[in-house]
Amino acid sequence: MSAEAPTSGFVPPVYPYARLDALKQRAAEAPGGIVDLSIGTPNDPVPDVVVEALAKAGPDSAGYPRAIGAPALREAAAGWMERSFGVSLDPVQVVSVIGTKELVASLPHLLRLRDPSRDTVLYPAVSYPTYAMGAQLGGCRAVPVPLGEDWHLDLSAVPEDDARRAVLLWVNEPGNPTGSQSAAGPLGEAVAWARSRGVVVASDECYVEFNWDEAGTFVPGATALQAGVDGVLAVHSLSKRSNMAGYRCGFLAGDGDLVAYLASVRTHAGMMVPGPIQAAATAAWNDDEHVALQRARYAERRAYARSRLGEAGLVDAGGPSSFYLWARSADSAEDGWAVTARLAGTGTLVAAGDLYGDGGAGHVRIALVEPLDRLELAFDRIAVDDHPDLSTARGTGVPPTKAAGAAKGATEQ
Ligand SMILES: Cc1ncc(COP(=O)(O)O)c(C=O)c1O
């Protein structure tokens, strides 16, 4: 076989965050160092209860873990669903996943295996890039659904032909990057729309613990499973809720038939969360105290960052939830890449909005993952009034190419 690159077939595009590499370098050169608000990776401590459970599970873990998850883990996840949403699930309706990114990337493929008559994945037009990538990897058409009021899906804009061909509809509330608020109304509408068309709904609810209203008050979020489990999967992660992105653990839950199918295929494929991580994850789902602490941290940062956006020449243009601010420039001539370049020149890295879809091009996403003193440093350095020379940096944010090629040194999310 030739070692030369094939001339046809799937060629992965540049990894979205790798497009920030040059600006990351620029930000790193600023006095005081980089304040990296580009990736939604937690920087706060892993909760003690998790560390202790992992230590107790210990390195003596010789046997294979179950791909579906240990009974204690599935029970803990079901217990958390009941406490959080009042939804009662049998633990057999829960299956562990190796972080939800792998599920997002593989679900279209698995659902298409189950129903080859459908070939389309619908997903929010401004969203986590892996929804579209998963469709591509599964040999499906990736069809973005426009966002309407308050950054919720506008399903009325989906052509009936795309709906008829759809194997899957992704919903993500609270939304990354838009900060849309999770509420039973829009989720229920999405489920009703999809159910009446025979489309499976996967509701990615990994930010649900960080659900605020416009006044910054925490409002318990919703799950799509409150609209009934038929044809619905809820997807949850410990990465954001419990600062466990490095552990790689989440779960999917819902429709018994779908869950059984996915559990079976995933078992055949060996998609196993390591045993000690399952023990740590069990402790995390059984504990809510550490989540309240983390929620308070993000709420404080959100309020602080919002209060200083104006000084940075930015406007909050997103919803009130998640730990992202979805902002745009006060100057309509300055697009997302220009803002990203301007901020990088002061040492702060944010994510240009078009990493989340072409519709995001006018925006930037600010991930509030750094502690308050780092945010303070960032905004002190950005403050436009203190840096009139910054205006010369505008227009230098030419987006690195989206062209195909291998991503080098990408930071992942
Ligand atoms: C909307 C959304 N879904 C899924 C994920 C994947 O999270 P993980 O694979 O860590 O569970 C992320 C990560 O940023 C996300 O923003």
Side-chain angles (χ1 to χ4, degrees), residues 15-17 20 36-44 46 50 69 73 77 95-108 121 123-135 137 144-145 147 151-153 168-182 187 201-211 221 223-224 233-253 266 271 273-274 277-278 280-281 284-285 294 298 318-319 321-326 350-351 353 355-357 360 365-369 410-413:
Y15 193 72
Y17 291 97
L20 292 170
D36 192 344
L37 308 179
S38 64
I39 310 265
T41 189
N43 284 312
D44 299 299
V46 175
V50 171
L73 173 57
V95 166
S96 62
V97 298
I98 314 166
T100 56
K101 188 181 179 97
E102 64 89 354
L103 178 78
V104 173
S106 61
L107 190 59
V121 172
Y123 65 98
V126 179
S127 62
Y128 182 54
T130 313
Y131 301 134
M133 179 51 63
L137 295 176
V145 179
L147 299 181
W151 301 103
H152 298 307
L153 291 175
L168 172 64
L169 167 67
W170 278 109
V171 189
N172 173 222
E173 314 250 1
N176 169 19
T178 64
S180 65
Q181 193 184 332
S182 164
L187 283 179
V201 175
S203 179
D204 181 348
E205 300 168 357
C206 65
Y207 296 98
V208 75
E209 301 275 23
F210 310 117
N211 196 54
T223 174
L233 297 169
V235 178
H236 284 280
S237 172
L238 286 172
S239 297
K240 322 288 176 177
R241 175 186 185 270
S242 303
N243 300 332
M244 290 170 66
Y247 284 59
R248 311 309 304 138
C249 196
F251 70 84
L252 64 88
R266 291 174 59 84
M271 306 298 281
V273 175
I277 300 295
Q278 293 198 25
W285 290 119
Q294 190 58 37
Y298 286 134
S321 294
S322 81
F323 53 70
Y324 303 112
L325 286 182
W326 184 233
V350 299
L355 301 190
Y356 310 96
R365 191 193 75 172
I366 305 171
L368 302 168
V369 292
T411 314
E412 292 170 18
Q413 183 190 17

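Note that the structure is a prediction, hence the values are computed from the model and not measured. Whatever order the structure lists ligands and atoms in, that order sets their numbers, starting from 1.
- Contact atoms of ligand 1 toward Ser239: 8 (P), 10 (O), 11 (O) (distance under 4.0 Å to a heavy atom of the residue).
- Counting the atoms of ligand 1 from 1 in the order shown, those under 4.0 Å from a heavy atom of Tyr131 are 1 (C).
- With hydrogens and angles left out, the side-chain atoms of Asn211 and Ser321 include a donor and acceptor closer than 3.5 Å.
- Residue-ligand proximity, Lys240 to ligand 1, at heavy-atom distances under 4.0 Å covers atoms 13 (C), 14 (O).
- Atom numbering of ligand 1 starts at 1 in the shown order; those under 4.0 Å from a heavy atom of Thr100 are 4 (C), 5 (C), 6 (C), 7 (O), 8 (P), 9 (O), 11 (O).
- The shortest side-chain heavy-atom distance between Leu187 and Ser182 falls under the 4.5 Å cut-off.
- Shown in contact with Ser237 at under 4.0 Å from a heavy atom are these atoms of ligand 1, numbered in order with element: 8 (P), 11 (O).
- Under the 6.0 Å cut-off for aromatic ring centres, Phe251 and Trp285 qualify, their centroids lying closer than that.
- Of the polar atoms of Tyr128, none of the N or O atoms is found under 3.5 Å from an N or O of ligand 1, judged by distance alone.
- Distances from atom 9 (O) of ligand 1 to the heavy atoms of Glu102, Arg248, His236 put Arg248 nearest.
- Proximity of Phe251 to ligand 1 is not established, as no heavy-atom distance is less than 4.0 Å.
- Using a 4.0 angstrom heavy-atom cutoff, Gly250 does not count as in contact with ligand 1.
- Against a heavy-atom cut-off of under 4.0 Å, Gly99 is close to the following atoms of ligand 1: 9 (O), 11 (O).
- Geometrically, ligand 1 and Asn172 share no nitrogen or oxygen pair separated by less than 3.5 Å.
- A side chain to side chain contact (heavy atoms under 4.5 Å, CB included) with Tyr356 is found for exactly one of Pro129, Ser127, Pro124, namely Pro129.
- Heavy atoms only, all atoms of each residue included: Trp326 and Gly353 are closest at CH2-CA, 3.6 Å.
- For the residue pair Thr223 and Glu205, a side-chain donor N or O sits within less than 3.5 Å of a side-chain acceptor on the partner.
- Taking 4.5 Å as the limit, some side-chain heavy atom of Val46 sits within range of a side-chain heavy atom of Tyr247.
- With contacts defined as side-chain heavy-atom distances shorter than 4.5 Å, the pair Leu147/Leu153 qualifies.
- Each of Met271, Arg248, Arg266 was scored for a side chain to side chain contact (heavy atoms under 4.5 Å, CB included) with Val97, with one residue passing: Arg266.
- Aromatic ring centres of Phe323 and Tyr207 lie closer together than 6.0 Å.
- Contact annotation for Cys206 and ligand 1: only side-chain heavy atoms (C-beta onward) come within less than 4.0 Å of the ligand.
- Counting heavy atoms closer than 4.0 Å to ligand 1, residue Trp170 contributes nothing at all.
- Proximity of Asn176 to ligand 1, defined as any heavy-atom pair under 4.0 Å, is confined to the side chain (atoms from C-beta onward).
- Atoms of ligand 1 lying under 4.0 Å from at least one heavy atom of Lys101, given by number and element, are 6 (C), 8 (P), 9 (O).
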